[in-house]
Structures are given as C-alpha cells and as structure tokens.
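All residue numbers in this chain count up from 1 along the given sequence. Atom set for the values below is all heavy atoms of this structure, side chains included, hydrogens, waters and symmetry mates excluded.
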Amino acid sequence: MRLRSRFAVAIMAVAAALSAADANAADKSKDSAKEAPAAAQTCRGTDMLAETATRNPQAYASIMAAAAAAKNSGAILWKIEKEGRPTSYLFGTVHLTDERVTDLSPAVKDAIKSSKTIALEVSDVSETATSTVIAKSAPLVMFTDGRRLDGLLSPSEYDVVKSIIGRSGMPVDLAALFKPWIVTMILSTSDCERAKVQSGARVLDMKIAEIGKSEGKDVIGLETISTQIEALASVPEKQQLDMLRSSLRFADRTDDMMETLVQLYLKRKISAALPFQIALAKEAGVGDEAFAGFQQKLIFERNAKMGAVAEPLLDKGGVFIAVGALHLPGDLGLVELLRKGGYTVTPVE
C-alpha cells in the first residue's frame with residue numbers, strides 16, 4: 001500500500017546508492033543490516049482494515065463494496081489457455097519478504113515447474129542495476145529547477161520527511177531535493193522491512209526469479225526499472241504531493257500498513273487495497289482525486305504495456321507471469337485484457 005508493494009526493492013536500492021557518498025549514512029546502513037535478524041522477528045503490525053471494521057463500520061462497508069465490485073478479484077493464481085498452446089499462468093505478487101507471502105503454495109510451485117519461461121515485472125532489481133538507472137534519471141527523482149520539497153510542504157510535514165530520510169540511512173540534507181513520489185516510496189518501507197532486505201531477505205518476486213534460474217528457466221522482465229521510474233514520475237505533481245501528505249499522516253504506522261496488505265493478500269481480497277488507501281487519505285483531508293494519476297499511470301497504462309509485451313510469450317505458451325497483484329483485477333486488469341485477447345483465463349487459487 002502507499003505504492004510500497006510496487007517498488008520497494010528498487011527504492012531501497014536507490015537509498016543505498018545515494019547514501020554511499022556519506023560515510024555516516026553507510027555506517028547506519030551496516031548497523032541496520034546487523035540488527036536485521038532481530039528486527040525480522042518484529043515486523044508484523046496491526047491489520048488496519050480489521051481495525052476500521054470496528055472503528056468505522058460504514059467506511060469498512062464502503063471499502064469492501066468497492067473491492068467486491070472489481071472483476072476477477074478473488075484469486076492470485078490464474079491458468080491461461082488457448083487451443084494449440086501449452087498452458088501458461090498469471091500470478092499476482094506483493095513485493096514483501098514476509099514468510100507468509102514468500103512460502104509458495106504447491107499449486108504455485110507446480111505452475112512454475114511446468115513453465116519454460118518466468119516473466120516478472122523487472123528481471124533485475126539489484127542495487128547495481130537500480131543505481132545505474134538512477135544516475136541517468138536524476139531529473140525524475142530530484143528537483144533540478146531550483147525548487148525544494150521543504151518549500152512545498154508545511155514545516156511539520158517536512159520535519160516528518162527529514163525523520164524518514166534519516167532513518168532510511170541517507171543524509172538528511174538530501175530530503176529537500178527529492179521529488180514527492182520518491183519520498184512516498186521510502187516512507188512506505190518500514191525500518192524493519194528495510195533491515196531485512198539489507199540483510200539479504202528476498203521479496204516474493206525475487207524468490208520466484210531465483211527458483212526459475214535454479215531450474216534453468218529463462219527469466220525475463222516485462223518492463224525495465226527506467227520505465228517504472230518514468231511512470232512514477234509522470235503522476236501530476238499535485239497528486240504526488242497529496243499522496244505524500246496522506247502517507248505522512250500515517251507515517252508511524254508503516255508496519256501496520258504492511259500487515260494490512262499481507263492480510264488482504266492472504267485472504268485474496270487485494271482489490272480492497274486501493275479503496276482502503278483512499279479511505280485513509282480522506283481521513284488526512286486528501287480527496288480521492290489524488291489517486292487518479294496513480295491509477296492511470298501506474299496501473300492502467302502499465303497493464304496495457306505489460307500485456308502487449310507478454311503477448312508473444314503467451315503465443316508460444318508455457319510462461320509463468322508474476323506481477324503485482326493490483327495489476328490483475330478490474331475492467332482494465334490483466335485477467336480481463338487476456339480474455340479480450342482470446343485466452344481462456346480461469347482462477348486456480
């Protein structure tokens with residue numbers, strides 16, 4: 001949530017790259033990595049949606065009604081079939097290290113094993129790959145026109161941003177230079193989750209890639225890190241700021257936000273994630289129009305592009321496609337787009 005499920009690994013790599021220039025920040029990162037085994041035991045938070053059901057039943061009912069209205073929202077593993085082609089699969093992921101998520105079911109393992117190709121959003125989200133892209137994409141990540149983030153936020157909001165940047169292991173002075181979307185990304189990753197990744201824990205997508213490579217399968221990306229960063233940066237700035245302000249309102253509940261996402265994923269109710277986020281934004285005084293650019297640029301447009309890239313793979317058959325679960329449901333989701341492309345797409349689990 002708060003976009004965290006989409007780009008957490010890439011942004012943590014960005015943080016590592018940027019902080020490398022500062023010795024103190026690098027030391028902090030090393031300390032966090034050393035503390036990771038202990039932190040890994042305490043990452044779980046409170047399910048905020050369950051909390052909402054008790055605290056505000058009307059808001060909860062509205063969230064779940066919106067989720068139920070989304071097509072193809074009850075499964076995360078789908079079988080893709082067309083006559084004359086080997087069976088393919090579509091799997092929705094969340095980009096987290098939580099063992100409840102990364103412990104793949106027998107059905108998912110069998111689907112991977114039976115496939116010839118593994119297609120992820122991005123095939124390489126290593127620190128080296130991400131740092132290289134960031135070095136070429138500075139105007140998308142940082143202000144280069146003389147403006148500063150501290151001039152766009154209130155003093156109290158910016159104080160929270162500085163605290164977040166400091167905890168992430170980067171020099172606090174960088175905070176004013178960052179564009180709003182990247183601060184939202186950094187904010188959406190809890191200290192605990194960051195420490196786990198720095199200590200070597202793998203998010204679900206990376207685990208799938210490792211399984212594929214260990215079995216000698218081709219592992220490819222439907223997108224590049226560059227195109228993902230371009231999509232994030234293309235969200236209108238006002239909407240970026242509104243989404244950041246919403247995230248700052250709940251900055252002390254990052255582990256709880258992540259736990260909520262895990263619970264939605266495990267219960268196969270991932271389509272409630274965005275309505276829940278919009279409901280939280282309203283509590284922070286941010287209207288749902290703030291999410292229009294996110295939905296258009298980060299979900300709808302990317303669905304169309306990923307579907308087009310996947311088409312030649314699906315035409316051959318035997319491909320296991322693993323992308324963020326929010327890309328699957330809805331009228332413009334991948335399940336529906338594949339059906340319109342002539343494929344029979346049925347839920348497995």
Side-chain angles (χ1 to χ4, degrees), residues 5-7 9-10 72 74-97 99 101-126 128-130 133 201-228 265 268 270 299 301-329 332-349:
S5 66
R6 184 75 42 213
F7 300 100
V9 177
N72 311 313
I76 58 171
L77 178 63
W78 298 76
K79 182 186 295 186
I80 306 171
E81 298 172 294
K82 183 179 277 191
E83 187 176 354
R85 297 163 178 78
T87 299
S88 294
Y89 294 90
L90 175 64
F91 181 57
T93 70
V94 285
H95 312 311
L96 296 172
T97 63
E99 293 81 3
V101 168
T102 60
D103 185 13
L104 299 175
S105 70
V108 175
K109 291 179 180 178
D110 288 344
I112 294 174
K113 187 175 183 179
S114 68
S115 301
K116 298 177 294 184
T117 303
I118 307 296
L120 307 173
E121 287 183 21
V122 175
S123 61
D124 183 4
V125 291
S126 66
T128 300
T130 307
V133 175
R202 294 289 184 263
V203 298
L204 176 55
D205 308 69
M206 295 180 73
K207 182 173 181 178
I208 292 171
E210 290 175 350
I211 292 173
K213 290 177 181 177
S214 70
E215 296 181 357
K217 303 180 187 297
D218 292 331
V219 178
I220 64 173
L222 299 176
E223 301 180 304
T224 65
I225 297 173
S226 293
T227 58
Q228 291 188 335
Y265 185 74
R268 306 300 188 254
I270 197 68
I299 299 180
E301 291 184 10
R302 289 177 61 219
N303 285 353
K305 292 176 182 177
M306 287 193 289
V309 174
E311 173 57 31
L313 302 173
L314 291 167
D315 191 52
K316 294 179 181 179
V319 58
F320 182 91
I321 300 172
V323 297
L326 285 179
H327 289 289
L328 274 57
L332 298 177
L334 284 174
V335 172
E336 200 66 15
L337 291 179
L338 290 174
R339 285 179 178 152
K340 290 178 180 178
Y343 294 92
T344 299
V345 188
T346 53
V348 177
E349 66 173 33

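Annotation: side chain of Leu96 is not in contact with side chain of Tyr265 (no heavy-atom distance under 4.5 Å). Looking only at side-chain heavy atoms (C-beta outward), Phe91 and Ile208 come within less than 4.5 Å of each other. Using a 4.5 Å heavy-atom cutoff, the side chains of Lys79 and Tyr89 are in contact. When side chains are defined from C-beta on, Leu314 counts as touching Ile321, because their heavy atoms get closer than 4.5 Å. Contact annotation: the side chain of Val345 never approaches that of Asn72 to less than 4.5 Å [non-hydrogen atoms, C-beta and beyond]. You'll find the side chain of Lys316 stays beyond 4.5 Å of the side chain of Thr117, heavy atoms only.
Annotation for Ile220 and Ser123: closest pair C-CB, 3.6 Å, computed over non-hydrogen atoms. Pairing each heavy atom of Leu326 with each of Ile299, the nearest pair is O-CG2, 4.0 Å. In plain terms, the two heavy atoms of Ser114 and Ala111 that are nearest each other are OG-O, 3.1 Å. Scanning both residues, Ala75 and Glu349, for their nearest heavy atoms gives CB-O, 3.2 Å. In terms of heavy atoms, Val348 sits closest to Ala107 at CG1-CB, 4.3 Å.
With rounding to the nearest 0.5 angstrom, the OG1 atom of Thr227 is 12.0 Å from the CD atom of Glu301. Once rounded to the nearest 0.5 Å, the distance linking CG of Leu338 with CD of Glu311 reads 8.0 Å. Note that CD1 of Ile76 and CG of Leu328 are 9.0 Å apart. Values are rounded to the nearest 0.5 Å. From Asn303, atom CG reaches atom CD of Glu336 across 11.5 Å, with rounding to the nearest 0.5 Å. For the atom pair NE2 (His327) and OG1 (Thr93), the distance works out to 8.5 Å, reported to the nearest 0.5 Å. To the nearest 0.5 Å, atom CG of residue Leu77 and atom CZ of residue Arg268 are 8.5 Å apart.
For the pair Lys113 (side chain) and Glu215 (backbone), a donor-acceptor distance under 3.5 Å is absent. No donor-acceptor pair closer than 3.5 Å links the side chain of Thr102 to the backbone N or O of Leu204. Of the possible donor and acceptor atoms, none in the side chain of Lys213 sits under 3.5 Å from a partner among the backbone N and O of Val219. Between the side chain of Glu121 and the backbone N or O of Gly324 there is at least one donor-acceptor pair closer than 3.5 Å. Checked by atom type and distance alone, the side chain of Arg85 pairs as donor or acceptor with a backbone atom of Asp315 at under 3.5 Å.
A side-chain contact (heavy atoms from CB on, under 4.5 Å) with Val323 is found for one member of Glu223, Arg302, Met306 and no other, namely Met306. With respect to Phe320, the side-chain contact (heavy atoms from CB on, under 4.5 Å) criterion is satisfied by exactly one of Ile80, Leu120, Ile112: Ile112. Partner of Ile211 under the side-chain contact (heavy atoms from CB on, under 4.5 Å) criterion, out of Leu104, Val108, Ile118: Leu104 alone.
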- Message: Test side chain to side chain contact (heavy atoms under 4.5 Å, CB included) on Val335 and Arg339; report intermediate values, then the result.
- Response: CA-CA 6 Å; Val335 172; Arg339 285 179 178 152; 3.8 Å; yes

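Taking a cutoff of 4.0 Å between a charged side-chain nitrogen and a carboxylate oxygen, Asp218 and Lys116 do not qualify as a salt bridge.
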